[in-house]
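Report on one structure; see the data block that follows.
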There are 2 protein chains.
Amino acid sequence: MKKKQNITLKALAKTLDLSISTVSRALNDHPDISWETKERVKTLADKHNYVPNLFASGFRSHRTHILGVIVPNISHYFTTTILKGVLEEGENLGYRVIISESKNDEKKQSEMLRTMVQFGVDGVLMALSRKTKSVDEILKVMNRLPLVMFDKVSGKIPCTEVVINEEEAAYNAVEHLINTGKRRIAIIKETEGSYNSEKRYQGYLRALKEYHIPVDEKIVLSTEDISLAKGRMMANILLSLKTRPDAIFAITDSAAIGVIKALNKFKVKIPEEIAVVGFSNSASSTIINPSLTTVDQPGNKIGRTAVKYLIDEIENPKEDMFSKTIEIKTNLIVRDSSFKA
Amino acid sequence: MKKKQNITLKALAKTLDLSISTVSRALNDHPDISWETKERVKTLADKHNYVPNLFASGFRSHRTHILGVIVPNISHYFTTTILKGVLEEGENLGYRVIISESKNDEKKQSEMLRTMVQFGVDGVLMALSRKTKSVDEILKVMNRLPLVMFDKVSGKIPCTEVVINEEEAAYNAVEHLINTGKRRIAIIKETEGSYNSEKRYQGYLRALKEYHIPVDEKIVLSTEDISLAKGRMMANILLSLKTRPDAIFAITDSAAIGVIKALNKFKVKIPEEIAVVGFSNSASSTIINPSLTTVDQPGNKIGRTAVKYLIDEIENPKEDMFSKTIEIKTNLIVRDSSFKA
DNA sequence: CTGAAAGCGCTTACAG
DNA sequence: CTGAAAGCGCTTACAG
């Protein structure tokens with residue numbers, strides 16, 4: 001084994017001619033210990049570069065100071081911004097973070113959850129994988145460990161949830177289109193209403209309703225596995241309609257970019273003939289031409305907030321579990337695809 | 001504390017009327033134990049859903065089965081593909097992964113390294129933060145722990161390194177431009193020669209040399225903190241030259257995209273007047289118009305390979321440290337920015 | 001084939 | 001103010 005041993009409490013105690021208990025307490029600033037002793041101990045510890053074996057203390061105290069995070073896909077830009085927030089805030093509060101990818105596989109998700117529990121994490125942060133049918137495994141884990149969910153959540157799990165104001169964000173996006181004079185606004189959403197898709201659709205409906213614009217089912221399009229390619233397909237469908245829409249709201253940036261690519265191909269003028277709005281403010285939204293109007297989701301803040309709530313639950317355990325939803329505000333970023341100055 | 005206790009060896013031993021030692025050995029398939037006993041033990045363990053407390057065994061055996069990963073920036077797409085590979089292969093081999101971001105801050109990087117050691121990870125995987133001046137801290141860690149570096153490496157650290165064939169990749173990219181008839185090929189690289197930038201520049205030089213094209217310093221541009229904005233600036237400079245280049249090789253995709261944006265703005269025909277090649281095959285390379293010819297870096301493979309070597313070093317420790325460089329092959333992806341079919 | 005016992009490095013109730 | 005001792009859950013050399 002290559003691992004060189006760190007200096008231990010025992011060794012310190014020996015050279016100081018004190019008991020291990022006293023050294024331990026001195027290092028932990030226990031009030032019982034005299035100022036003098038503390039000084040002596042700390043000086044020697046510093047000199048020898050003493051670092052406590054977190055493993056031993058964790059084992060002893062049943063606390064590992066590790067948080068587990070489970071996300072469907074680590075390479076989504078939005079996910080990485082959340083993870084950044086989690087890492088930063090976690091570190092600030094003295095926790096390390098273990099990350100797992102569920103790859104939108106429900107079985108894998110359950111497995112990971114179990115491994116994390118077995119591993120001894122102090123709490124779990126998770127975004128549900130798409131199409132999670134059964135939440136039994138998750139509920140089981142909740143009996144043992146604090147759990148906070150973010151982004152992709154489920155009403156069936158009574159825990160703290162940190163999400164963005166999906167409905168309002170969509171409402172704002174559609175309202176913006178209405179304010180620029182658009183009246184025939186199409187939406188591209190997911191077939192199997194995920195939490196996010198459903199909320200955004202509701203925001204769309206509310207905006208239309210409040211501005212007394214009738215809903216036309218012909219321009220409400222749904223697709224599975226929403227993507228750039230699907231966005232392009234949907235745009236083709238919309239272009240083939242007798243009465244084309246004058247705006248398209250896609251509930252993801254990638255679909256919106258697919259839409260723009262299709263419109264560009266057919267030389268449809270954006271935004272004059274058809275305006276486009278996406279959702280996420282992904283990196284690509286400023287690469288595409290025209291640049292994409294989209295909803296900025298503050299991932300960092302979501303991550304930080306989720307961690308804060310989780311650590312609070314870890315450090316101040318409460319007996320009863322109950323749902324609590326924290327909504328993080330988003331911001332519509334207006335670019336050329338919907339408005340030309 | 002909310003944590004419900006898992007069933008322990010002790011409890012199992014009691015109900016089976018066996019010693020703890022025997023139960024432990026039975027579960028670990030120790031050859032000494034009779035087949036019958038093993039069966040009895042395993043059956044009961046399954047029934048009670050026994051999971052070993054990894055923390056206790058880790059503490060005992062000085063092995064945590066955690067790997068630490070330190071990367072400069074978790075939201076670079078290329079980095080996430082590497083991390084994916086690390087997570088996948090790590091999981092396969094029974095390791096969990098702790099991820100940290102150094103944010104290209106040398107001090108932070110050292111801190112993280114120390115925390116990881118203290119924490120008890122079994123090995124560390126890292127990509128150096130930009131402009132790392134001193135490797136002392138890293139060398140110190142190497143005395144205690146296996147270390148494997150990837151992507152951003154340093155010749156000063158005698159450890160296994162997993163990198164892509166930077167020089168060859170750049171050579172191939174430039175050769176491709178030459179093959180399409182280009183002769184006046186500009187390069188946009190980094191000022192302070194990072195490992196990657198330097199290697200790519202060497203590949204550029206070798207290609208020119210082998211095809212007997214003289215190097216013209218006027219079209220060898222360097223910039224700090226290479227980025228989209230910088231790419232755009234460099235393109236403007238190149239456009240203002242008396243004799244414009246007929247191709248631009250940017251050593252990152254973002255710079256290449258900045259170049260394309262600038263060329264588009266001035267209605268320069270791509271690739272007829274000026275061809276553009278980038279490096280990374282980032283998501284944006286197919287969003288930009290024209291789509292970007294670029295070098296695909298197999299991040300997943302890099303991650304998997306790095307983990308394999310690391311775990312091998314953990315499980316089969318050798319006394320002497322020595323450098324070993326594993327090169328992963330890249331692939332040039334030809335798109336519209338350099339060649340129109 | 002099985003068991004008793006030591007020990008990993010630390011914390012903490014108990015005693016003085 | 002300080003110390004002796006138990007114990008967290010497991011593994012493993014030693015003994016039989």
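For the pair B:Arg96/A:Ser100, a side-chain contact is recorded, criterion being any heavy-atom separation below 4.5 Å from C-beta on. For the pair B:Ile66/B:Tyr95, no side-chain contact is recorded, criterion being any heavy-atom separation below 4.5 Å from C-beta on. Side-chain contact between B:Leu139 and B:Pro158 is present, with heavy atoms from C-beta onward closer than 4.5 Å.
Under the side-chain contact (heavy atoms from CB on, under 4.5 Å) criterion, B:Ser75 pairs with A:Tyr77, A:Thr80, A:Lys84, B:Asn73, sequence neighbours left out. With sequence neighbours excluded, no residue forms a side chain to side chain donor-acceptor pair (under 3.5 Å) with A:Lys14. Contacts of A:Lys140 classified as side-chain contact (heavy atoms from CB on, under 4.5 Å), with partners at least two apart in sequence or in another chain: A:Glu137. Legend: residues meeting salt bridge (Lys or Arg N to Asp or Glu O under 4.0 Å) with A:Lys10, ordered by chain and number and at least two apart, are absent.
Of the candidates D:dT2, C:dG9, D:dG9, the closest approach to any side-chain atom of A:Thr8 belongs to C:dG9.
D:dT12 and D:dG16 have their C1' atoms separated by 16 Å, with the value rounded to a whole Å.
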With the criterion being N/O to N/O and under 3.5 Å, what pairs connect the protein with nucleotides 13-16 of chain C, and how long is each?
{"from": "C:dA13", "atom 1": "N6", "to": "A:Arg25", "atom 2": "NH1", "distance (Å)": "2.8"}

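To the nearest angstrom, C1' of C:dC10 lies 11 Å from CG of A:Leu27. Nucleotide D:dC10 holds its C1' atom 12 Å from the CG atom of B:Leu12, rounded to whole Å. The nearest whole Å value for the distance from the CH2 atom in A:Trp35 to the P atom in D:dT2 is 13 Å. Nucleotide D:dT11 holds its C1' atom 9 Å from the CG atom of B:Leu9, rounded to whole Å. Between A:Lys14 atom NZ and D:dA4 atom P the separation is 14 Å, expressed in whole Å. As a whole-Å value, the separation of A:His30 NE2 from C:dC10 P is 18 Å. Distance NZ (B:Lys10) to C1' (C:dA5): 14 Å, rounded to an integer number of Å. As a whole-Å value, the separation of A:Asp29 CG from D:dC1 P is 13 Å.
Inspection of the A:Glu313 and A:Thr160 side chains reveals an N or O donor paired with an N or O acceptor under 3.5 Å. Side-chain contact, A:Ser21 with A:Ser24: no donor N or O sits under 3.5 Å from an acceptor N or O.
Atom NZ of A:Lys38 is surrounded by more than 12 heavy atoms from other residues, nucleotides or ligands within 6.0 Å.
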Q. With Watson-Crick and G-U wobble geometry limited to distances under 3.5 Å, how should the secondary structure of DNA chain D be encoded in dot-bracket form, using | for bases paired to another strand and [ ] for crossing pairs?
A. |||.||||||||.|||
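The side chain of B:Thr22 places an N or O atom within less than 4.0 Å of a non-bridging phosphate oxygen (OP1 or OP2) of C:dG3. Regarding contacts with the backbone of C:dT2, a side-chain N or O of B:Thr37 is found under 4.0 angstrom from either OP1 or OP2. Residue A:Ser19 places at least one side-chain N or O under 4.0 Å from the OP1 or OP2 atom of D:dG3. At D:dG9, none of the side-chain N or O atoms of B:Tyr50 fall inside 4.0 Å of OP1 or OP2 (strictly under the cut-off).
Across all strands, B:Ser34 comes closer than 4.0 Å only to sugar-phosphate atoms, never to a base (heavy-atom distances). Among the protein residues, B:Leu18 comes within range of the sugar-phosphate backbone only, with heavy atoms under 4.0 Å from sugar or phosphate atoms but none that close to a base.
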